[in-house]
Amino acid sequence: MTFYSTYPDVEIPECSVYDYIFSSLKADELDLVAIVDGPQKMTYAELRRSIDALAGALDNRGVRSGDVVALHAPNSIGFMVAFHAVLRLGATVTTLNVLYSPAEIANQINDAQAKLYLTTSMLLPNALKGLEEAGLSRDHVILLDQAENYVSISELIQQSRRPPEVVFDSATHLAVLPYSSGTTGKAKGVMLSHLNLVANIAQTDPMLPKYENKAVLAVLPFFHIYGMNIIMNLTLQQRGKLVILSKFDLKPCLELIQNERCATLYIAPPIAVALTKYPLLKDYDLSSVRLIVCGAAPMDEGLGTTLVERIPALLLQGFGMTELAPVSHVTPLNQPEIPVGSVGFAIPNICFKVIDPQTGKEIEGVSHGRSQPGEMLVKGPNVMLGYLNNQEATDETITADGYLHTGDIVEVGAYGEVYVVDRLKELIKYKGYQVAPAELEALLLTHPDIYDAAVVAYPDEDAGEVPRAFIVRQPGSDLDQKQVTAFVTERVAAHKRVRIVEFIEAIPKSLQGKILRKELKGLPLQASTG
């Protein structure tokens, strides 16, 4: 059966992201503080002026509608200005994880065909190596901060150039190109239109209580779709005050919440774990916190219950993925009978199905208890256009009638609420970041002393899951755990590092050669991994 949102549809404006957020600014909103970034503060009027001026300067440097611009930076005022300036021009932003290695940077730059690279001086060493590998010179680099011999966005903004008038179809024109592994395999460019982003802001807005002019903690990265469209864009559209932290560090985070009187916290489960376990939490005044929204990975009911005991506030959990721009479900505001462990109800303009992954048969809802488990498929105006230059993967992910395979196994409760119980896909979620086992396996197999390898998720209280590698040595090799971890560490971002290495006689596989990951996940940890 098809499950429909219990909320009335909302109107989806057919406009650009810039117009939806900034063209609608009212006179009495211009002097509101939009961003707090350390000692820096910027009002909505100043933010819009900076975006327009940078867009004009980028146009003068040859950036045109349809071009792809790479944005590789932690959360900052500069990130926000650069992001919206590129979209203002009708160009497309492809965001890169700040932890990426040079090889990963080069892969994304090449695949996205980016013509300009916006980054910070802190990330320059890796960026320059990656750009060289991708065939781009340092002349293509613009800094969000300042360094000798590089153009900075502050210099460009000071030119006060007017942006051009750009007209495009918001339903088909690409706004952002984040990279995701989807339901399996190598990271792919997710094509999200202006309409996809605008739709999800409009869809999510009625699901959250309004705390106008209140401070919102922005510690989760803007380069990730959750931070990008929900924390950054939704907060701006609601005229909130974004309190930025470039990375999560518990004490500075708590000090910001206390000093800026944050009303809303957007977090992921690892942050919830850190907050619940911190013995000095009671020493901070967190009485301003009224809403906590947890996303990026499932949070179990026990953790959620403990969190609201320590920080009394309304706790909401959501479900989403990059391909959904990103939200499809959120727990309700006024139904206490819905357990914390649920990801809630479909948001407005969304419908979904649950199918048996073996037969494809649709699973029926129930009047009591929970439905049979199955893979959830979602349909709505926020569903991506597809994967960049990968029609095969697009066709595997989006059905002919517009439903997107989430790769998540869910059960549906009697009220229509959804519970994520497993993942059909094989991705590992390390602190909310996606790690594709196939990518690590391919890397491991390049080591001359490794005959075969498999990577699976292993539960971890702090990180959620960590990569656990099973290695078959080449005959006669004395390869050890430290050598394997060092090999991987040198070649991937920190969140992709193998945390557990175990040696095995053979990788269990099906007759078709598919790794039997379930068998590996069931193996107890070895007493010795060497």
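This chain uses plain numbering: 1 for the first residue, then up along the sequence. Quick caveat: nothing in here was measured; it's all calculated off a predicted structure.
- Using a 4.5 Å heavy-atom threshold, the side chains of Val93 and Met228 count as separate.
- For the pair Ser137 and Leu131, the minimum side-chain heavy-atom distance is 4.5 Å or more.
- For the pair Val190 and Ile225, the minimum side-chain heavy-atom distance is 4.5 Å or more.
- Below 30°, between 30° and 60°, or above 60°: for Tyr433 and His224 the angle between ring planes is above 60°, a perpendicular geometry.
- When all heavy atoms are compared, the tightest approach of Ser76 to Ile244 is C-CD1, 3.8 Å.
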Mind listing the side-chain donor-acceptor pairs of residues 484-494 below 3.5 Å, one per line with the distance, residues two or more places apart or on another chain?
| from | atom 1 | to | atom 2 | distance (Å) |
| --- | --- | --- | --- | --- |
| Thr485 | OG1 | Gln481 | O | 3.2 |
| Thr485 | OG1 | Lys482 | O | 3.0 |
| Thr489 | OG1 | Thr485 | O | 2.7 |
| Arg491 | NH1 | Phe487 | O | 2.9 |

In residues 52-70, what donor-acceptor pairs under 3.5 Å come from side-chain atoms, sequence neighbours left out?
| from | atom 1 | to | atom 2 | distance (Å) |
| --- | --- | --- | --- | --- |
| Asp52 | OD1 | Tyr18 | OH | 2.6 |
| Asp52 | OD1 | Arg88 | NE | 3.2 |
| Asp52 | OD2 | Tyr18 | OH | 3.2 |
| Asp59 | OD1 | Arg64 | NH1 | 3.0 |
| Arg64 | NH1 | Asp59 | O | 2.7 |
| Ser65 | OG | Gly90 | O | 3.4 |
| Ser65 | OG | His173 | NE2 | 3.4 |
| Asp67 | OD2 | Arg64 | N | 2.7 |
| Asp67 | OD2 | Lys115 | NZ | 3.4 |

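- Smallest separation of non-hydrogen atoms from Thr235 and Lys241: CG2-N, 4.2 Å.
- Proximity of a side-chain donor or acceptor of Asp111 to a complementary backbone N or O of Asn107 within less than 3.5 Å is not detected.
- For the pair Met42 and Met80, the minimum side-chain heavy-atom distance is 4.5 Å or more.
- When the side chain to side chain contact (heavy atoms under 4.5 Å, CB included) test is applied to Asn126, the partners found at least two apart in sequence or on another chain are Pro102, Ile105.
- For the pair Pro221/Asn97, no side-chain contact is recorded, criterion being any heavy-atom separation below 4.5 Å from C-beta on.
- Every residue meeting the side chain to side chain contact (heavy atoms under 4.5 Å, CB included) condition with Lys251, not counting sequence neighbours, appears here in chain and number order: Tyr278, Tyr284.
- Taking the side chain as every heavy atom from C-beta outward, Leu324 and Val383 approach each other to under 4.5 Å.
- Residues forming a salt bridge (Lys or Arg N to Asp or Glu O under 4.0 Å) with Glu46 (at least two apart in sequence, or on another chain): none.
- When only modelled atom types and interatomic distance are considered, Gln203 and Asn200 share a side-chain donor-acceptor pair under 3.5 Å.
- Listed by first and then second residue, the salt bridge (Lys or Arg N to Asp or Glu O under 4.0 Å) pairs that reach into residues 138-158 come to none, sequence neighbours excluded.
- Considering only residues two or more places apart in sequence or on other chains, Glu465 meets the side chain to side chain donor-acceptor pair (under 3.5 Å) condition with Arg423.
- Using a 4.5 Å heavy-atom threshold, the side chains of Gln391 and Thr394 count as touching.
- Gly295 approaches Tyr226 most closely through the heavy-atom pair N-OH, 3.5 Å.
- A donor-acceptor distance shorter than 3.5 angstrom exists from the side chain of Thr406 to the backbone of Met376, with no hydrogens or angles considered.
- Residues in residues 441-458 take part in these salt bridge (Lys or Arg N to Asp or Glu O under 4.0 Å) pairs, two or more places apart or across chains: Glu441-Arg517, Asp452-Lys509.
- Side chain of Thr92 to backbone of Leu174: a donor-acceptor contact under 3.5 angstrom is found.
- A side-chain donor-acceptor contact under 3.5 Å links Thr94 to the backbone of Leu177.
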>> Ser193 vs Thr172, test: side-chain contact (heavy atoms from CB on, under 4.5 Å). Steps then yes/no.
In response: CA-CA 6 Å; Ser193 69; Thr172 59; over 6 Å; no
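- Applying the side-chain hydrogen bond (donor to acceptor under 3.5 Å, both in side chains) test to every pair with at least one member in residues 266-277, sequence neighbours left out, gives these pairs: Lys277-Glu461.
- With sequence neighbours left out, the side chain to side chain donor-acceptor pair (under 3.5 Å) criterion links His447 to no other residue.
- For Gln108 (side chain) and Thr95 (main-chain N/O), a donor-acceptor pair under 3.5 Å exists by modelled atom type.
- Looking at Leu220 and Ile230, their side chains never come closer than 4.5 Å, going by heavy atoms from C-beta outward.
- Residue pairs meeting the ring pair (Phe, Tyr, Trp, His ring centres under 6.0 Å) criterion with at least one partner in residues 46-99, sequence neighbours excluded, are Phe22-His84, His72-Tyr117, Phe79-Phe222.
- His140 meets the ring-ring contact (aromatic ring centres under 6.0 Å, His included) test with no other residue; sequence neighbours excluded.
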